[in-house]
Peer 1: 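What follows is a single structure, and I will ask about it in a moment.
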Amino acid sequence: MKPGTTKPIVILGIESSCDETSASVCIDGRILSNVTATQKIHETYGGVIPEIASRVHQQNIIPVVDIALKNAKVSKNDIDAVAFTRGPGLLGALLVGTSFAKSFALALDIPIIEVNHMQGHIMAHFIDEPKPAFPFLCLTVSGGHTQIVRVNDYFDMELLGETTDDAAGEAFDKTAKILGLPYPGGPLIDRHAKLGNPAAFSFTEPQIPGLNFSFSGLKTQIMYFVKEQLKQNPHFLSERIDDICASVQQRIVTILLNKVKKASDETGIRQIAIAGGVSANSGLRETLQTWSREHHWDVFIPAFEYCTDNAGMIAITGYYKYLNQDFASQDISPLARMAVTG
Amino acid sequence: MHLKCSSEAGLPEIARQILEAAAGRKIFLFHGEMGAGKTTLIKSICQSLGSADEVSSPTFSIINEYDHPQGKIYHFDCYRLKNEAEALDIGVEEYLYSGQYCLVEWPEKIAGLLPEVCVDIRITTEEDLSRRFSIEQH
C-alpha cells in the first residue's frame, strides 16, 4: 500500500528480452496476472507467431498487456508505474518493451522502472511463499544463462560464477540434437532420463577454476562418444536413449550442484535458490532435494511460470523498486549487455 | 591459407594469423560442425582484438555484444534461426553493415544476407582430434 493511504500499489511489468513477449500486473507484491504471447493468444487476434523474431514482439505487446490488465481486473488508469526489462537481451527485442513502457507511462503520466532481466529471475523468489531470507545463493540456469549469484539484499547482488561458454540449457538442447531429438530438447532428455540408468555411461567433469562453469567440452565429449558407439552398434541411439539421457542429465546436474556446493562451503550460506527455465528439470530438482538433506540446505524453487522468461518477475522487481522510489528517466535506452550486479 | 592446431594453447596464434590475413575485413564466417570449436576460436579472436569481456555462446540470445578498444564486436549464432526472414526480423543487416566486427557462427542460415567482403573460416576435426583451419578472403 502507498504510504499514508489505503490505495494499493499497482505495477505493470513488461518482458521482451528474447523470444517471449510477456506482461504482468502486480498489486502490493502479489502477481494477479502473468500473460505470455502464445499461439492461442495470437489466434484470438489473428496471425501466427514465428519462433524467433524481434519484430513480432511489436505485434504481441498490445494484446498481452490488454489481456494482463483484463485478467487482473484493473484499468490502465489504476497503474502506478510501468516496469520493463532494460537488458540483457537482444537489442531489437528489448527496444519494443522499452519503447512501449516509455510511451504508455508518458501517456498516463506515471513513472517507469528499469529492470535487469537477470535480477528479475532472482526476484521471482519474492512472488510466492516461502521466500528466502538474505543472504542466499541463487543458481540461475536457462537456455542463455548459467550463473551463481550471492544475494545480500533485494538489489545487492554479487556474481560468484558464470559459464565461460555454453549455458546449461544449451548443453541439454545440443545434446538432444546430437541424439537426434528435436529442438528444444531439454524437456525430452528429462523424459528419457526418468526411464534410464544415470550410471550407465560416465562423462568427465570439466575442471574449471573457481565457481565458473563450462559445458562446451561436455558437448564435444558426448558427440565423440556417440560417434564411437555408433561405429560398433548402429542401433546404439535407439537401444540406449534412456540410459544416455539419464547419464548426460546426471552429469550436467552434478556439474551445476558441485559448484553450488563449493559456493555454499566458501560463503557459509545454506539457503539455496534456483531460477531460470532449467529449474524445471526433474533431475536437477530431485538431486537438489537429496543434497539439501545431506548438506542441510534450505532450497527455494519458484513456480514454473516464474522460472521461464516472464513478466511476473519483472513486475515483482518493479514493485520492490517502487517501494524504494527507484524510477528511471524517459531518456533511458535498452542495453544488450548488463551485469547482474548493475 | 591453411593452419593446423593440436591444442587450445595454439589458438591465440591462429587468431593472430586470421586477423592478419583478414587485412581489415571485419566480417568473419565460421563454418564447422557442432563441437568443432567455433566459439572457442571466437574467444581467442576477441582476446586478440583486446576485448576483456566474457565470450559465451549466443545460441539462445542469437547475438552477443562485446566491447574492444576500437569499438564493438557482434558475435552471432544463427543455429536457432529457421530462415532469413527471422534474421531480418532481428535486424541482422543493421549489425552486419555497422562497420563493426561481426563474428558469425552457422552463417549458412543467412547466406543471402551476408556482405560480399568477408573472411570464411572452415574448421575441420582430424582423426587425431587436432583442428584444421582453412581461411579464405573474399
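Chain letters run A, B, ... following the sequence lines, proteins first, then strands; residues in each count from 1.
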Peer 1: Give the member of Ser57(B), Pro58(B), Ala36(B) that has the highest number of heavy-atom pairs under 4.5 Å with chain A.
Peer 2: Ser57(B)
Peer 1: So for atom CD, which belongs to Glu8(B), do other residues, nucleotides or ligands contribute more than 12 heavy atoms lying within a distance under 6.0 Å?
Peer 2: no
Peer 1: Which value, rounded to the nearest 0.5 Å, describes the distance between Asn212(A) atom CG and Glu54(B) atom CD?
Peer 2: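 Between atom CG of Asn212(A) and atom CD of Glu54(B) there are 6.5 Å.
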Peer 1: Using heavy-atom distances under 4.5 Å, tell me whether Glu162(A) contacts chain B through its side chain, its backbone, both, or neither.
Peer 2: side chain
Peer 1: Can a salt bridge be assigned to the pair Asp53(B) and Arg337(A) using a cut-off of 4.0 Å between side-chain N and carboxylate O?
Peer 2: yes
Peer 1: Among Thr164(A), Ile178(A), Thr220(A), which has the most heavy-atom pairs under 4.5 Å with chain B?
Peer 2: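 Maximum pair count with chain B is reached by Thr164(A).
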Peer 1: Determine whether Tyr79(B) and Asp173(A) satisfy the following criterion, side chain to side chain contact (heavy atoms under 4.5 Å, CB included), listing intermediate values before the conclusion.
Peer 2: CA-CA 11 Å; Tyr79(B) 180 78; Asp173(A) 289 338; over 6 Å; no
Peer 1: So do Asp166(A) and Phe60(B) actually touch side chain to side chain, heavy atoms under 4.5 Å?
Peer 2: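 Of all side-chain heavy-atom pairs linking Asp166(A) with Phe60(B), none is under 4.5 Å.
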Peer 1: Check each atom of Asp77(B) against the heavy atoms of chain A and say whether the ones under 4.5 Å are side chain, backbone, both or neither.
Peer 2: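 For Asp77(B), the side chain is the part near chain A, not the backbone.
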Peer 1: Counting only non-hydrogen atoms closer than 4.5 Å, does Ile222(A) touch chain B with its backbone (N, CA, C, O), its side chain (CB onward), both, or neither?
Peer 2: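 For Ile222(A), no heavy atom lies under 4.5 Å from chain B.
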Peer 1: To the nearest 0.5 Å, how far apart are OG in Ser56(B) and NE2 in His145(A)?
Peer 2: 8.5 Å
Peer 1: From Ser216(A) OG over to Lys43(B) NZ, what is the distance, rounded to the nearest 0.5 angstrom?
Peer 2: 8.5 Å
Peer 1: Nearest 0.5 Å, please: how far is CG in Leu335(A) from CD in Glu65(B)?
Peer 2: 9.0 Å
Peer 1: Looking at Glu33(B) and Lys177(A), does any basic side-chain N land under 4.0 Å from a carboxylate oxygen?
Peer 2: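 Salt bridge flag = no for Lys177(A) with Glu33(B).
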Peer 1: Judged by atom type as modelled, is there a donor-acceptor pair below 3.5 Å linking the side chain of Lys174(A) to the main-chain atoms of Gly35(B)?
Peer 2: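 Judged by distance alone, no pair lies under 3.5 Å.
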Peer 1: Can you tell me which portion of Leu88(B) sits under 4.5 Å from chain A's heavy atoms? Options are side chain, backbone, both or neither.
Peer 2: backbone
Peer 1: Please flag which part of Phe215(A) lies under 4.5 Å from any non-hydrogen atom of chain B: side chain, backbone, both or neither.
Peer 2: neither
Peer 1: For the atom pair CG (Asp19(A)) and OG (Ser61(B)), what is the distance rounded to the nearest 0.5 Å?
Peer 2: 10.0 Å
Peer 1: Measuring from atom CG of Asp89(B) to atom CG of Leu90(A), what distance do you get when rounded to the nearest 0.5 angstrom?
Peer 2: 11.0 Å
